[in-house]
Amino acid sequence: MMADSGPKEVAVIGNTELTSAELDNNIKNTMVEIEKGTSLLRKLEISVAEAEKRTGKNTVNMQEIYTVYLIETRPVDALTEGITPDSLWRRYSEFELLRNYLLVTYPFVVVAPLPEKRAEIVWHKLSADNMDPDFVERRRVGLENFLHRVASHPVLCNDNIFNIFLTEDKDWKEMVYETGFQAKADSRLKAVNAAFRVKNPDGRFTELKHYSDELQTVLSQLLRVRARVADRLYGVYKVHGNYGRVFSEWSAIEKEMGDGLQSAGHHMDAYAASVDDILEEEEHYADQLKEYLFYTDALRAVCRKHELTQFELEMVALDLACKKQQKEELVTGTVRTFSLKGMTSKLFGQETAEQREAKLQVLEQQLKEGEEAVKEKNTESDEFVKTAWVDIERFKDQKDRDLKEALISYAVMQISMCKKGIQVWTNAKECFNKM
Amino acid sequence: MSRTIDAVVSPTQTNTIPADISGQMLDLDEDDDLEVFSKDLTLADGNMFNASMPTSPGSMVNQCKFEEDEESDSKDIFITVDNPESHVTAIETFITYRVLTKTTRSEFDNSEYEVRRRYQDFLWLKGKLEDAHSTLIVHPLPEKFVVKGMVERFNGDFIETRRKALHKFLNRIADHPILSCSEDFKVFLSAQAWELTTYKKQGPGFLSRMGETVRAVANSVRGVKNRPEEFTAIQEYVEDFSNKIGSLDKVTQRIVKEQKEYLEELKEYGPTYTLWSGSEEELAEQLKGVAGCIERCCKETEEQVGHLSDTLVPVLHEYVLCAETLKAVLRRRDNIQAEFEAKNEALATKKVDRDAESSDLGFVWGSLLGKNPEEARHQRQERLDGEIEELKEEIDKLEDRVEWANNALKGDWGRWQRSMRGDLKSAFLSTAEKNVDYYEKCSGVRFLSLPPIVLP
């Protein structure tokens with residue numbers, strides 16, 4: 001339900017008698033899927049079906065244990081029943097490689113993030129161990145989601161490297177390196193430098209950068225507090241389990257109250273146990289928020305690329321203006337600005353006419369090249385702004401849709417939790433009545 | 001506590017121990033006399049003597065009967081404890097509570113009484129009742145101090161909790177067929193402060209009470225030999241019950257703690273959604289809605305925790321104290337029986353002594369003293385017969401005492417069990433109801449937060 005979701009129209013409400021299950025059902029049933037159009041997902045069913053542990057030697061020739069994920073693909077046409085899907089195994093680092101390739105090759109695209117490498121914002125019950133089966137399972141879901149995001153992207157889905165990633169494991173890595181994408185990557189230093197010195201970035205990108213910073217801060221905080229709340233809720237529920245134990249022991253010494261106490265105790269045990277499922281479901285909500293937390297990195301990457309292109313344009317334009325000025329000075333013979341040349345010529349006499357002519361020739365050539373460069377950079381920059389902004393709008397719509405839905409299902413989850421609570425305590429009440 | 005700083009008080013109060021120190025040496029707390037003076041200064045309302053209301057005719061019969069009146073419409077005495085007030089003197093600060101009694105019972109001169117009592121007065125009453133009826137089950141008083149958590153003695157919650165417990169204490173006594181007839185109880189409800197002080201000074205002297213305590217200790221050391229099976233069963237039950245109720249008390253307090261910590265985190269959670277809504281356009285409304293939801297749930301949670309603290313925690317705590325009371329009652333019963341058994345043993349020994357042929361030693365001594373051996377033996381036998389008769393009388397009395405104690409306890413035991421069941425059932429019921437209510441409110445709040453959605 002995360003990737004490739006269209007505008008959701010849910011038919012419900014007004015009727016407060018609906019159970020949460022019915023509510024859920026309604027949301028699913030009336031989902032209108034987006035026109036898949038040119039996206040790959042229309043043609044191909046992609047899933048990350050399993051995870052397995054492998055052992056092998058790493059780059060420094062030491063034994064290591066790592067997890068691999070099974071990618072299955074199957075054409076979406078009618079008669080897919082019974083056809084075994086194509087499949088291959090990939091590890092997390094290969095996903096990372098794929099993503100880096102996409103980032104460099106399509107710098108104007110807000111590329112979907114990968115799930116966490118290591119479990120970071122967790123509440124205490126979930127271990128931060130990468131080998132923990134729950135963590136591995138959530139990562140599997142995250143990786144599947146990543147592939148769906150890429151496959152449903154109008155531009156990325158057509159990328160050759162991506163398609164081969166899904167279908168052929170032989171020599172894929174070599175192919176990626178052969179594209180030479182690593183050379184095309186902008187150095188971090190260059191980007192930072194540009195960010196500081198750029199004079200006229202497009203205002204929308206500046207705004208977007210601020211937004212992504214804000215979103216990152218607020219989502220980090222929200223996720224941290226949510227984890228703490230979950231922790232506390234776990235405590236409350238689990239302590240009730242003690243009621244179960246004590247009621248049971250107490251019922252053994254009571255005659256009239258025994259039955260009531262015994263059954264009440266069972267309900268207390270059920271109550272304590274119910275929190276595990278509740279919090280697992282909430283983890284899913286947290287994952288949805290986390291995806292958008294990580295998306296902020298991709299947003300910032302696009303902004304940085306813009307700043308870089310704009311900066312380079314400004315540099316080239318500056319250079320051209322400089323050259324133009326030099327030519328003017330040469331032609332008119334006036335030295336408007338202080339220069340060593342000017343000084344030496346004053347001291348040691350003017351240049352000869354031939355020397356001047358030669359210099360002019362060089363400058364003319366440089367000017368022509370400069371103008372070409374500016375034109376090129378201008379086009380490049382405009383292209384970038386245009387394509388990037390299209391993708392940013394696409395991203396914004398996707399984000400609004402996804403988060404709206406996430407918030408709704410979060411509310412539904414909470415309602416379901418309350419309903420469970422009502423049921424348990426109503427049952428307990430019955431038992432107490434019998435005491 | 002300094003008894004010497006009594007400049008204000010009567011001149012008889014000096015450093016030396018007065019002749020009659022009953023009721024004072026055993027007070028561990030504040031000075032009674034001091035209390036009198038300060039009370040008189042601060043006492044607002046006087047006794048509300050309703051002289052115009054004639055005392056009821058004999059239809060209100062003396063309540064000293066064993067059967068209970070469970071029907072509330074036959075309840076003829078209503079007591080409330082309220083209106084705590086702080087009194088500050090040069091030496092100390094203490095709280096008094098207003099005790100309001102409305103009754104149609106004939107042993108009361110009036111139908112309404114309003115007095116002010118402090119905690120140690122309640123302590124005194126409890127002590128007197130337990131002394132007079134050592135095998136009846138007297139409902140426990142709230143504890144003197146709460147060590148855990150360093151609760152301030154004059155903290156509002158503490159006072160309120162105590163007030164409720166004191167209210168329950170008096171009403172339980174009023175409901176008890178035997179205890180409510182106690183003269184001490186009547187005086188407690190009706191006497192003015194100085195009257196009460198005077199009354200308190202009566203009663204068995206210090207030395208006789210010490211004697212009783214020594215006897216009790218001796219008996220408990222000796223132990224009871226032939227405890228009836230039913231009391232052993234009760235004792236085993238009380239042991240188990242004490243454990244269980246203690247556990248429940250701890251568990252419930254832990255739940256309160258966890259719930260409060262949950263509430264703290266929840267209070268920080270809502271605002272993050274509000275913060276987020278500031279950065280968004282499309283999502284702003286929805287996010288603010290979520291924040292509002294969480295805030296509402298916070299309020300409900302706070303209420304729920306409050307209810308738990310007000311309803312379940314005090315009741316469980318009360319029954320923890322009850323368990324201790326029960327153990328003490330069983331011990332006292334055992335002691336009474338032990339005393340009886342000891343006397344019986346003494347009697348048997350004496351009888352053996354008497355019937356035995358004069359021991360050689362006795363004969364030797366007798367002859368040394370120039371006594372006729374026949375005479376000596378006769379004298380000895382007479383003496384022993386006398387002692388035996390005395391012992392038999394004592395034993396008869398003790399036997400009655402044992403029987404009375406056992407019956408009292410048996411009767412009260414059934415009563416206590418019924419109250420216990422009623423109290424605990426209603427406390428747990430109330431908690432369950434509140435929890436259902438809490439979840440219903442929270443789910444309603446969340447439901448309303450779902451955005452209004454239009455059918456396609």
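Below, read A as the first sequence line, B as the second, and so on, with proteins coming before strands; counting in each chain starts at 1. Source: prediction; values computed, not measured.
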Top residue by heavy-atom pair count (under 4.5 Å) with chain A, among [options]?
{"options": "B:Leu266, B:Thr252, B:Asn243", "result": "B:Thr252"}
{"options": "B:Ala432, B:Cys442, B:Gly278, B:Cys297", "result": "B:Ala432"}
{"options": "B:Glu265, B:Lys441, B:Glu440, B:Glu433", "result": "B:Glu265"}
{"options": "B:Pro271, B:Gly444, B:Ser443", "result": "B:Ser443"}
{"options": "B:Leu429, B:Val290, B:Asp240, B:Val256", "result": "B:Leu429"}

If every non-hydrogen atom of [X] is compared with every non-hydrogen atom of [Y], which pair is closest and at what distance?
{"X": "B:Thr272", "Y": "A:Val218", "value": "O-CG2, 3.8 Å"}
{"X": "B:Tyr269", "Y": "A:Val225", "value": "CA-CG1, 3.6 Å"}
{"X": "B:Leu424", "Y": "A:Met435", "value": "C-CE, 4.5 Å"}
{"X": "A:Val246", "Y": "B:Ser247", "value": "CG2-CB, 3.8 Å"}

Would you compute the distance between atom [atom1] of [X] and atom [atom2] of [Y] and round it to the nearest 0.5 angstrom?
{"X": "B:Arg446", "Y": "A:Lys419", "atom1": "CZ", "atom2": "NZ", "answer": "13.0 Å"}
{"X": "B:Ile294", "Y": "A:Arg226", "atom1": "CD1", "atom2": "CZ", "answer": "11.5 Å"}
{"X": "A:Thr217", "Y": "B:Leu275", "atom1": "OG1", "atom2": "CG", "answer": "8.5 Å"}
{"X": "B:Leu287", "Y": "A:Leu407", "atom1": "CG", "atom2": "CG", "answer": "5.5 Å"}
{"X": "A:Gln414", "Y": "B:Cys293", "atom1": "CD", "atom2": "SG", "answer": "8.5 Å"}
{"X": "A:Leu289", "Y": "B:Trp276", "atom1": "CG", "atom2": "CH2", "answer": "5.0 Å"}

**OP:** Before accepting this row, confirm whether a basic side-chain N of the pair B:Glu282/A:Lys404 lies closer than 4.0 Å to the acidic partner's carboxylate O.
**Re:**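 Counted as a salt bridge, because a side-chain N and a carboxylate O are separated by less than 4.0 Å.
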Original post:
Going by the angle between their ring planes, with limits at 30° and 60°, are B:Tyr439 and A:Tyr271 parallel, tilted or perpendicular?
Top reply: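 B:Tyr439 and A:Tyr271: perpendicular rings.
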Original post:
Between B:Phe428 and A:Phe247, how do the two ring planes meet: parallel, tilted or perpendicular, split at 30° and 60°?
Top reply: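 Rings of B:Phe428 and A:Phe247: perpendicular, as their planes differ by over 60°.
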For the residue pair [X] and [Y], establish whether any side-chain heavy-atom pair is separated by less than 4.5 Å.
{"X": "A:Leu215", "Y": "B:Glu280", "value": "yes"}
{"X": "A:Lys396", "Y": "B:Glu281", "value": "no"}
{"X": "A:Ile408", "Y": "B:Gln286", "value": "yes"}
{"X": "A:Glu256", "Y": "B:Lys425", "value": "no"}
{"X": "B:Tyr262", "Y": "A:Asp231", "value": "no"}
{"X": "A:Phe432", "Y": "B:Thr431", "value": "no"}

With a cut-off of 6.0 Å (strictly less than), are more than 12 heavy atoms of other residues, nucleotides or ligands near [atom1] of [X]?
{"X": "B:Glu230", "atom1": "CD", "result": "yes"}
{"X": "A:Lys429", "atom1": "NZ", "result": "no"}
{"X": "A:Asp259", "atom1": "CG", "result": "no"}
{"X": "B:Arg296", "atom1": "CZ", "result": "no"}
{"X": "B:Lys327", "atom1": "NZ", "result": "yes"}
{"X": "A:Lys420", "atom1": "NZ", "result": "yes"}
{"X": "A:Gln216", "atom1": "CD", "result": "yes"}

Does any heavy atom of chain A fall under 4.5 Å from the side chain of [X], the backbone, both, or neither of them?
{"X": "B:Ser430", "answer": "neither"}
{"X": "B:Val251", "answer": "both"}
{"X": "B:Phe241", "answer": "both"}

**OP:** Using the side-chain contact (heavy atoms from CB on, under 4.5 Å) rule, take B:Arg421 and A:Lys255 through it: C-alpha gap first, then chi angles, then the decisive distance, then the call.
**Re:** CA-CA 11 Å; B:Arg421 277 200 295 271; A:Lys255 284 184 292 247; over 6 Å; no
**OP:** Determine the sole option in B:Lys257, B:Lys260, B:Glu258 for which the side-chain contact (heavy atoms from CB on, under 4.5 Å) test with A:Val236 is passed.
**Re:**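 Single pass found, and it is B:Glu258.
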Subject >> side-chain contact (heavy atoms from CB on, under 4.5 Å) evaluation trace for A:Glu254 with B:Met420 >> reply: CA-CA 11 Å; A:Glu254 294 291 339; B:Met420 181 269 289; 3.6 Å; yes
**OP:** Under 4.5 Å heavy-atom distance to chain B, tell me which part of A:Tyr211 shows up: side chain, backbone, both or neither.
**Re:**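 The answer is the side chain of A:Tyr211.
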Subject >> Among B:Glu261, B:Glu268, B:Glu264, the one residue meeting salt bridge (Lys or Arg N to Asp or Glu O under 4.0 Å) with A:Arg232 >> reply: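 Only one option passes, and that is B:Glu261.
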**OP:** Please assess A:Trp425 against B:Asp437 for the test side-chain contact (heavy atoms from CB on, under 4.5 Å), listing each intermediate value before the final yes or no.
**Re:** CA-CA 9 Å; A:Trp425 285 103; B:Asp437 180 59; over 6 Å; no
